[in-house]
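From a predicted model like this one, the values you see are computed outputs, not experimental measurements.
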Amino acid sequence: MSHEPARASAIADLMRAGRETSRLSMVFRYAIADRLGLTVSDLECLDFLADVGPTTAGRIAERTNLTTGAVTSMLRRLQQAGFVTADRDPADRRRVIVTLCPDRADELERPYERFARRAAQLIDGYSLAELTLLARHFGHLQSMYLAELDDLRGGDPARSP
């Protein structure tokens, strides 16, 4: 007896679940940004800073897929709102180092608190092997997204998928 129909069905279910999770994540991000009086790009920038710590404006542009001009405007807004500081890099005065203001970090985390509690409960139900599989899966997805973004930004268009 072949398992191919069952595997094809499981793959279709996985892909459908991934797309729906992506859509719901996007809707959730818009709702959080709206609650905080920010744009989704602002929120993505602040979340990125919370994850990586101080970084350059250029790296923010790369990771948010915004132009350097759009990042400059966004950083100006976020500075005026007191969410970030942007200072010249002492080692290279052409670069700007952007830092999340720690006193505003709690304000950014608050809308996620209930979700974080629910996520922790969900994760508690997974075995170590399942957690390892999920972490590996998301790591591979991140690599794929980064490669696709590189191609969309002007990488080799002749490169086959």
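- Across all non-hydrogen atoms, the minimal contact from Leu43 to Ala33 is CD2-N, 3.7 Å.
- When the shell of 6.0 Å around CZ of Phe115 is examined, it contains 12 or fewer heavy atoms from other residues, nucleotides or ligands.
- Nearest heavy atom pair, residue Ala57 against residue Val71, reads O-CG1, 3.8 Å.
- Here the closest non-hydrogen pair linking Phe83 and Leu100 is O-CD1, 3.4 Å.
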Leu75/Val98 under side chain to side chain contact (heavy atoms under 4.5 Å, CB included): CA gap, chis, key distance, verdict = CA-CA 8 Å; Leu75 293 177; Val98 182; 3.6 Å; yes
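- Inter-residue side-chain proximity for Arg63 and Leu146 is flagged as met; some heavy-atom pair is nearer than 4.5 Å.
- The shortest distance between side-chain heavy atoms of Ser41 and Leu66 falls below 4.5 Å.
- Side-chain atoms of Phe48 and Thr55, non-hydrogen and from C-beta on, do get closer than 4.5 Å to each other.
- Connection of Val40 to Ile32 is not established within any shared hydrophobic cluster, with ILVMFWY side chains joined at heavy-atom distances below 4.5 Å, either directly or through further cluster members.
- Annotation: the span from Arg95 atom CZ to Asp87 atom CG amounts to 13.0 Å, rounded to 0.5 Å.
- Considering all non-hydrogen atoms of both residues, Leu108 and Pro111 come closest at O-CD, 3.4 Å.
- The two residues Arg93 and Arg88 have their closest heavy-atom pair at O-CD, 2.8 Å.
- Under the 4.5 Å side-chain heavy-atom criterion for ILVMFWY residues, no single connected hydrophobic cluster contains both Met144 and Leu149.
- Residue Ile123 is grouped with residue Leu134 when hydrophobic side chains (ILVMFWY) are merged at heavy-atom distances under 4.5 angstrom, including chains of intermediate members.
- Side-chain contact between Tyr112 and Asp47: present, with at least one pair of heavy atoms (C-beta onward) separated by less than 4.5 Å.
- Of the inter-residue distances, the one linking Gln142 atom CD with His137 atom NE2 reads 10.0 Å to the nearest 0.5 angstrom.
- With Arg77 contributing its side chain and Thr72 its backbone, the two residues share no donor-acceptor pair below 3.5 Å.
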task = Apply the test side chain to side chain contact (heavy atoms under 4.5 Å, CB included) to residues Leu46 and Leu78: give CA-CA distance (whole Å), side-chain angles for both, the deciding distance (0.1 Å), then the verdict.
result = CA-CA 9 Å; Leu46 296 172; Leu78 292 173; 4.0 Å; yes
query = Can you list the steps and then say if Asp106 with Glu109 is a side chain to side chain contact (heavy atoms under 4.5 Å, CB included)?
reply = CA-CA 5 Å; Asp106 285 347; Glu109 290 175 15; 4.3 Å; yes
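- Looking only at distances, no side-chain donor or acceptor of Ser25 sits under 3.5 Å from a matching main-chain atom of Thr21.
- Taking a cutoff of 4.0 Å between a charged side-chain nitrogen and a carboxylate oxygen, Asp89 and Arg94 do not qualify as a salt bridge.
- Sparse packing is recorded around OH of Tyr30, with 12 or fewer heavy atoms of other residues, nucleotides or ligands lying under 6.0 Å away.
- A donor-acceptor pair is defined here as one N or O able to donate and one able to accept, closer than 3.5 Å; no such pair exists between the side chain of Glu107 and the backbone of Arg104.
- In this structure, Glu44 and Thr39 have side chains that are not in contact, with every pair of non-hydrogen atoms separated by 4.5 Å or more.
- In the displayed structure, Arg35 atom CZ is contacted under 6.0 Å by at most 12 heavy atoms of other residues, nucleotides or ligands.
- The pair Glu4-Arg7 does not meet the salt-bridge criterion, since no charged nitrogen lies less than 4.0 angstrom from a carboxylate oxygen.
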ask   = Under the side chain to side chain contact (heavy atoms under 4.5 Å, CB included) criterion, do Thr99 and Val84 qualify, and how do the steps go?
value = CA-CA 5 Å; Thr99 305; Val84 300; over 6 Å; no
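- Between Met74 and Ile60, the shortest heavy-atom distance links the atoms CE-CG2, 4.0 Å.
- Without hydrogens or angle criteria, Arg153 side chain to Glu62 main chain gives a donor-acceptor distance under 3.5 Å.
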